[in-house]
Structure formats: C-alpha cells, structure tokens
Protein chains: 2
Amino acid sequence: MTGNKSPESAAIRLSLYLRHLRKMKKERVISSEELARFIGTSGARVRKDLCYFGQFGTTGKGYLVRELQEEISKILGLNRVWDIALVGVGKLGSALLGYDGFRKSGFNIRIGFDVKSNIIGKKIVGVPVYHPYQIPKMIRERKIRMGIVAVPAKAAQESIDLFVISGVEAILNFSPIAVVAPSYVKLMQADLTNQLEIMSYSIINKAKKETQTRIS
Amino acid sequence: MTGNKSPESAAIRLSLYLRHLRKMKKERVISSEELARFIGTSGARVRKDLCYFGQFGTTGKGYLVRELQEEISKILGLNRVWDIALVGVGKLGSALLGYDGFRKSGFNIRIGFDVKSNIIGKKIVGVPVYHPYQIPKMIRERKIRMGIVAVPAKAAQESIDLFVISGVEAILNFSPIAVVAPSYVKLMQADLTNQLEIMSYSIINKAKKETQTRIS
DNA sequence: GAGTGTGAATGTATTCACAGCA
DNA sequence: TGCTGTGAATACATTCACACTC
C-alpha cells in the first residue's frame with residue numbers, strides 16, 4: 001500500500017535526492033544506500049520517503065536513475081516553470097533577483113514591488129518594479145502563485161496580506177518577524193537572524209553539555 | 001522539575017518570544033496566552049517552552065517582561081556579540097554584509113573570504129576580504145566561532161571543511177547542495193532553492209488534496 | 001480567580017527489521 | 001543473494017487538562 005500519509009519532511013529530502021540524480025550521467029541504476037550516502041542519511045529513510053509516493057524501485061536491483069528523476073520532479077511539481085513576485089527590492093531583494101540558481105531550477109522572479117519612488121517604473125536586473133498598491137492587479141493578471149517578501153519587519157505582515165488577497169498560494173518570508181497567513185496559504189520562514197540565533201543557542205548549549213559531562 | 005530535555009524546536013520559538021518582549025515598552029508583565037497570540041501559537045506551548053529552561057513566571061500573574069527578556073537572552077546566548085566569518089562575497093554574500101538586521105541583533109560579520117582576485121585585499125561594505133587559504137589562520141587568530149557559506153555549490157563542501165578544521169562551531173550554508181559536517185559542528189541549511197521547491201510541492205499537493213476531497 | 005508548571009495523551013517522524021521478489 | 005517496500009517499534013514534539021500557587 002502506498003496510502004501512508006507523507007510527512008512534509010520527506011519533500012525536503014526529495015529535492016536533495018533529485019539534485020543528486022541530476023548530476024548522475026553514467027549510471028543507469030542506483031540503490032537506496034548509495035543515494036543516502038550523498039545526502040547524509042540512511043537507506044531506510046530514502047526508501048521510506050520514496051515509498052510514500054509510489055513504488056519506483058526494482059527489488060534486488062535499485063532505482064532507475066532517469067525514471068526516479070522524472071517521478072520526483074512530478075511529485076515536487078518541478079517539471080514546469082514557476083513565476084514569482086517579490087516585494088522589497090532592497091539589498092537582499094536585488095541579490096535574490098540576480099541569483100542564477102533560481103532560474104536554473106525553474107523559478108522565475110517576474111515582477112518586483114517596492115515603495116522607493118526612485119526605482120518604481122525601472123527595471124532591476126531585468127525585472128520591472130511597481131508600487132505595492134499594484135500587487136493585487138498585477139498578480140491576478142499574471143496568475144502568479146508564489147511570492148517572496150524581503151521588506152523591513154514592520155511592512156512584512158502588510159505585504160503578506162496583500163499577497164494573500166491576490167491569491168498567492170505560497171510565500172517565502174525573509175523578514176525577521178513572526179507573521180501569519182491563512183492555513184490555505186503555505187508560509188515559509190527564511191528568517192536569517194533567527195537561524196543565527198539558533199546557532200548561538202547550540203554553541204552555548206553544546207558547551208554546557210560538555211561541562212556537565214565532564215563534571216558527572 | 002525543570003529537567004525535561006529541551007527540544008531544539010523550543011529554541012526557534014524562544015527567539016520569537018524575545019523579539020516581542022523587546023518591543024514591549026509599557027507593560028511590566030505578560031501572560032503566556034498574550035505572548036502566544038503575537039507568535040501565532042498556544043499559551044500551553046509558550047509555558048512548556050519556557051518550563052524546559054526554568055521557572056520564570058509568577059503563578060496567577062504571568063511573566064515579568066524585563067526578567068523574561070533577560071533569561072531568554074541568556075539561554076540563547078544573545079547577551080553578547082558574535083563575530084562571524086563569511087566565505088563567498090558575491091551578490092548574496094555582499095547583501096548579507098550590508099544587512100543591518102544582523103548587527104542590530106549582535107551578529108557581526110567581521111571578515112570575508114573569496115577567490116575573486118579583484119576583491120581580495122579590498123573592503124566590501126567595510127569588511128576586509130581575503131583568499132580562502134587564509135581561513136584557518138585568520139579564524140583562529142580572531143577566535144571566530146560562527147561561519148556563513150555563500151559560495152557556488154561546487155565550492156560549498158570545501159568551504160565547510162575549511163571552517164571545520166579552523167574550529168568554527170556553527171555554520172550557516174546557503175549553497176544549494178547537500179553538505180556534511182562532523183556532529184560536533186552545528187550545520188544549518190539556508191538553501192533558498194530548496195525552500196521554493198517545498199513551496200512548489202505544497203501548492204501541487206494542496207491542489208491534489210482538494211480534488212480528492214471533492215471526489216469522495 | 002487567574003495563570004503557571006507539568007504529567008499524561010495524542011500526534012508526527014524516524015529507525016528497525018524482515019518478508020518477499022528478481 | 002541483494003535490495004526494495006513496509007509493518008512495527010521507537011523516539012520526538014505538541015496538545016490537553018488540571019493540580020497548585022499567589
């Protein structure tokens with residue numbers, strides 16, 4: 001049976017598997033253990049992840065590289081191009097616009113929004129910039145389903161609300177603030193300061209654990 | 001008893017609690033329910049998170065704002081300044097160097113490394129750039145404990161290895177590739193392409209779920 | 001009475017272990 | 001024999017519910 005409900009954490013790893021498969025040129029087949037080694041996980045986990053979505057392997061042999069690549073692309077929805085809207089064309093926003101990796105993976109930032117009048121109406125890295133009040137109109141017109149928020153903290157919730165009413169279905173938020181969205185919108189946090197804070201915590205905590213171990 | 005082992009997921013939320021406490025100017029006391037509302041979680045979870053680390057509240061009243069702020073800062077190790085090293089001073093790296101939010105939260109990128117000869121020896125946004133072969137020497141000299149990796153995929157593992165042998169204890173990796181580090185080094189992924197891929201997956205998947213529901 | 005601190009119950013993800021097929 | 005697919009067992013995280021304190 002394939003009907004086990006798939007944890008989203010599996011999706012995170014699927015895209016890592018996919019990247020490795022894409023790099024494989026010669027081999028026609030790969031085992032779960034082998035694939036696991038490149039991602040830093042276990043064969044069991046690879047098999048489990050894949051088995052949530054179907055039966056792609058050949059017992060006793062492994063997985064056909066090209067076939068598996070195709071299947072994972074389908075599962076993740078990567079056999080197409082995604083258009084994306086960006087609010088906040090500052091330093092970080094511009095860097096994202098110029099990042100080739102997105103385009104290579106089929107993610108195209110097509111339109112930018114910012115309140116700074118000196119860039120409105122211009123193109124930044126080839127992408128036209130509009131005032132945020134145009135968000136609903138432009139996004140509906142272009143049927144854009146993904147948004148990126150790279151504005152200062154105090155404008156973040158507002159930007160997200162605009163995306164939501166425009167029908168955006170998934171949002172990546174870089175602003176260092178807790179924001180909310182309706183449950184039918186996928187909201188992902190890319191809060192870099194938060195990441196550094198967790199790093200700080202784990203350094204501190206590791207030191208504490210070691211001390212405790214030494215004492216006891 | 002305070003001795004419940006604390007999940008790391010609690011640490012992620014602690015930093016969100018802290019941000020809200022910092023913004024509070026007038027109130028001297030706050031209840032778990034109230035704090036929860038701003039983060040988009042439940043009072044029970046706030047209390048649980050805090051109770052992993054100690055007893056900070058007053059039964060029947062709530063938590064003293066300033067005291068709780070101080071305690072969380074201590075737990076996360078944010079009552080100090082962290083020096084950080086950055087490998088890869090390209091578009092994204094430069095944007096990170098120029099990002100004020102880090103400095104405001106006590107994270108200081110002090111030194112950059114890149115292979116591009118036209119920026120080696122110069123300062124980018126006030127931060128000196130060196131060749132990566134200098135990583136071990138410079139990092140040990142300056143006792144830097146955190147690193148950020150913003151290089152192209154094929155140079156990522158190499159950069160991480162250099163950080164590891166230099167004694168860096170926590171690394172934030174932006175490269176879109178699966179990398180590994182010894183278990184005593186905290187490795188965090190800020191793989192933006194991966195985030196977009198997960199967004200793609202959840203849009204596709206949501207559509208599927210809806211169809212299924214409609215049918216059944 | 002209002003609100004914390006925390007066991008117990010539930011839900012979710014990971015790991016184990018092995019039957020069964022090529 | 002080698003490797004997949006997958007139940008069962010374990011570990012981990014969240015939510016519930018309430019005794020207890022100020």
Side-chain angles (χ1 to χ4, degrees), chain A residues 1-17 21 27-65 67-68 71-72 75 178 183 189 198 201-202 205 209, chain B residues 1-17 21 27-65 67-69 71-72 75 183 189 198 201-202 205 209:
Chain A
M1 240 257 267
T2 315
N4 255 329
K5 57 176 172 277
S6 57
E8 176 170 294
S9 55
I12 299 172
R13 289 185 298 268
L14 282 188
S15 79
L16 299 179
Y17 304 154
L21 294 171
E27 302 87 341
R28 303 228 162 275
V29 75
I30 189 170
S31 75
S32 59
E33 285 295 344
E34 209 177 332
L35 187 48
R37 212 171 306 133
F38 286 96
I39 316 299
T41 185
S42 70
R45 188 142 76 167
V46 170
R47 292 198 299 279
K48 193 92 182 179
D49 284 345
L50 294 175
C51 127
Y52 286 127
F53 302 98
Q55 305 187 179
F56 309 127
T58 315
T59 310
K61 299 206 73 176
Y63 301 88
L64 287 170
V65 172
E67 192 189 302
L68 187 56
E71 290 291 349
I72 296 181
I75 294 164
S183 62
Q189 294 293 356
I198 296 165
Y201 167 77
S202 54
N205 207 256
K209 266 188 215 154
Chain B
M1 239 258 266
T2 314
N4 254 328
K5 55 173 173 282
S6 56
E8 176 171 293
S9 57
I12 298 172
R13 289 185 298 267
L14 283 188
S15 79
L16 298 179
Y17 304 154
L21 295 171
E27 302 87 341
R28 303 226 163 277
V29 74
I30 189 171
S31 74
S32 59
E33 285 295 345
E34 211 177 331
L35 186 47
R37 212 171 306 132
F38 286 96
I39 314 301
T41 184
S42 69
R45 187 143 74 167
V46 170
R47 294 198 298 279
K48 193 93 181 177
D49 284 345
L50 294 174
C51 128
Y52 287 127
F53 301 99
Q55 306 186 179
F56 309 128
T58 315
T59 309
K61 299 205 73 177
Y63 301 88
L64 287 170
V65 173
E67 192 188 303
L68 187 56
Q69 188 182 323
E71 291 290 350
I72 296 181
I75 294 165
S183 61
Q189 294 293 356
I198 296 165
Y201 167 77
S202 53
N205 207 256
K209 266 187 213 153

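Order of the sequence lines sets the chain letters (A, B, ...), proteins ahead of strands, with each chain counted from 1.
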Filtered N/O pairs between nucleotides 17-22 of chain C and protein, under 3.5 Å:
none

Tell me every residue that passes side chain to side chain contact (heavy atoms under 4.5 Å, CB included) with [X], counting only those two or more places apart in sequence or in another chain.
X: A/Thr58; value: A/Lys61
X: A/Glu8; value: A/Lys186, B/Ile198
X: A/Ser9; value: A/Pro7, A/Arg13
X: A/Glu71; value: A/Phe56, A/Lys74

Could you report the tightest heavy-atom contact between [X] and [Y], atom names first, then the distance?
X: B/Ser32; Y: B/Arg47; answer: OG-NH1, 3.0 Å
X: B/Phe38; Y: A/Ala178; answer: O-CB, 3.9 Å
X: B/Ile39; Y: B/Leu35; answer: CG1-O, 3.3 Å

Euclidean distance, atom [atom1] of residue [X] to atom [atom2] of [N] [Å, nearest integer]:
X: A/Glu8; N: C/dT12; atom1: CD; atom2: C1'; answer: 13 Å
X: A/Phe53; N: D/dT4; atom1: CZ; atom2: P; answer: 18 Å
X: B/Leu68; N: C/dT4; atom1: CG; atom2: C1'; answer: 13 Å
X: B/Leu50; N: C/dT6; atom1: CG; atom2: C1'; answer: 13 Å
X: A/Lys48; N: D/dA11; atom1: NZ; atom2: P; answer: 16 Å
X: A/Leu14; N: C/dA13; atom1: CG; atom2: P; answer: 14 Å
X: A/Tyr52; N: D/dT4; atom1: OH; atom2: P; answer: 17 Å
X: A/Tyr17; N: D/dT4; atom1: OH; atom2: P; answer: 12 Å

> Quick one: is D/dT6 close enough that its OP1 or OP2 comes under 4.0 Å of any side-chain N or O from A/Arg45?
Replying inline: no
> When you check the phosphate oxygens OP1 and OP2 of D/dG2, does a side-chain N or O of A/Tyr63 lie under 4.0 Å from one of them?
Replying inline: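 No, A/Tyr63 has no side-chain N/O under 4.0 Å of OP1/OP2 on D/dG2.
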> Taking DNA chain C as the partner, which of residues 27-43 of chain A come within under 4.0 angstrom of it by heavy atom?
Replying inline: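 Within residues 27-43 of chain A, no residue comes under 4.0 Å of DNA chain C.
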> Looking at the side chain of B/Gln55, which of D/dG7, D/dA13, C/dT6 is the nearest nucleotide?
Replying inline: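 Comparing D/dG7, D/dA13, C/dT6 against the side chain of B/Gln55, the answer is C/dT6.
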>> Of the listed nucleotides (D/dG7, D/dT14, C/dG5), which one gets closest to any side-chain atom of B/Cys51?
In response: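 Closest nucleotide to the B/Cys51 side chain: C/dG5.
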>> Would you say that A/Tyr201 contacts B/Leu14 through its side chain, given a criterion of any heavy-atom pair below 4.5 Å between the two side chains?
In response: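 The answer is no; the side chains never approach within 4.5 Å.
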> Is there a side-chain contact between A/Asp49 and A/Tyr17, using heavy atoms and a 4.5 Å cut-off?
Replying inline: yes
